[in-house]
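To keep things clear, I will list the structure first and then write my remarks on it.
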Amino acid sequence: MVRGKVEMKRIENATSRQVTFSKRRNGVIKKAYELSVLCDAQVALIIFSNKGRLFQFSSSCMQKTIERYREYTKETLININTFEVEQQMEKLKEETANIAKKIEILELSKRKLLGQGIGSCSINELQEIDNQLERSLKIIRARKSQVFKDEIQRLKERERQMLEENARLSQKCGRAALESAQLKEKETSCSRVTMETDLKIGLPDIGWW
């Protein structure tokens with residue numbers, strides 16, 4: 001009778017789950033024992049049930065096997081880190097070399113744009129240099145025009161602010177002049193009233209001979 005294929009998922013029934021755990025646990029321990037005997041391998045097996053119970057098998061001292069595992073994984077981790085560092089270093093070296101080549105190309109292009117070392121340039125290279133200069137000049141002219149526009153706009157705004165300030169000061173000066181004239185007229189009126197009050201009433205003094 002052919003045994004049916006078991007679907008790999010958690011067994012929901014608690015009793016069936018416990019029975020399956022016991023059978024498979026014993027089967028795994030048996031296979032571990034056979035592997036250690038047949039192949040002279042150092043085998044250590046640790047199993048915790050869902051209730052936290054410990055089941056273990058070791059072909060030799062469990063503690064020594066665990067210590068050996070720790071040492072091995074430590075060395076492996078060091079080797080992995082060393083390998084990753086070496087890979088990173090190689091990558092950085094490649095990037096540095098590429099950047100150095102780009103800098104060299106840019107320096108050469110810069111010297112050619114300045115008119116240095118163009119004696120050995122071909123017609124196509126000279127044409128390319130000429131095109132680069134034309135493009136650079138267009139960018140410079142566009143930037144220069146934009147700077148002029150911004151400066152003109154700034155000066156216009158400054159002019160508007162000064163005109164507003166001038167109008168405000170003129171209005172203020174006009175009010176001050178009007179108030180001064182009114183004050184002067186008031187003072188003149190007061191002086192006139194004072195003079196009229198000082199006049200004597202009655203006959204003037206007559207001298208007798």
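Nothing fancy with the numbering, it's 1 onward along the sequence.
Taking a 6.0 Å sphere around CG of Leu92, one finds it holds more than 12 heavy atoms contributed by other residues, nucleotides or ligands. Heavy atoms of other residues, nucleotides or ligands lying less than 6.0 angstrom from CZ of Arg17 number more than 12. Around the CZ atom of Arg70, the shell of radius 6.0 Å holds no more than 12 heavy atoms that belong to other residues, nucleotides or ligands.
The closest side-chain donor-acceptor pair between Gln146 and Asp150 falls under 3.5 angstrom.
Judged purely by atom type and a 3.5 angstrom limit, Ser145 has no side-chain atom pairing as donor or acceptor with the backbone of Ala142.
Once rounded to the nearest 0.5 Å, the distance linking CD of Gln18 with CD1 of Ile11 reads 10.5 Å.
With respect to Glu71 and Arg68, no salt bridge is recorded, no charged nitrogen being found less than 4.0 Å from a carboxylate O. A salt bridge is defined here as a Lys NZ or Arg NE, NH1 or NH2 lying under 4.0 Å from an Asp or Glu carboxylate O, and Arg154 with Glu157 fails to meet this definition. Lys138 and Glu134 are not joined by a salt bridge, as no carboxylate oxygen comes within less than 4.0 angstrom of a charged side-chain nitrogen. At a threshold of 4.0 Å, the pair Lys149-Glu151 does not count as salt-bridged, since none of the basic side-chain nitrogens sits closer than that to a carboxylate oxygen.
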What donor-acceptor contacts under 3.5 angstrom involve side-chain atoms of residues 49-59, with partners at least two apart or in another chain?
unit_1 : atom_1 : unit_2 : atom_2 : d
Ser49  : OG     : Lys51  : N      : 3.3
Ser49  : OG     : Gly52  : N      : 3.4
Ser49  : OG     : Arg53  : N      : 3.0
Ser58  : OG     : Ser60  : N      : 3.3
Ser58  : OG     : Ser60  : O      : 2.5
Ser59  : OG     : Val43  : N      : 2.9
Ser59  : OG     : Val43  : O      : 3.3

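With sequence neighbours left out, Leu137 forms a side chain to side chain contact (heavy atoms under 4.5 Å, CB included) with Arg141.
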Could you walk me through whether Glu164 and Arg168 pass the salt bridge (charged side-chain N to carboxylate O under 4.0 Å, His left out) check?
CA-CA 6 Å; Glu164 291 179 355; Arg168 187 181 65 81; over 6 Å; no
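Applying the side-chain hydrogen bond (donor to acceptor under 3.5 Å, both in side chains) test to pairs two or more places apart or on separate chains, none has a residue in residues 97-108.
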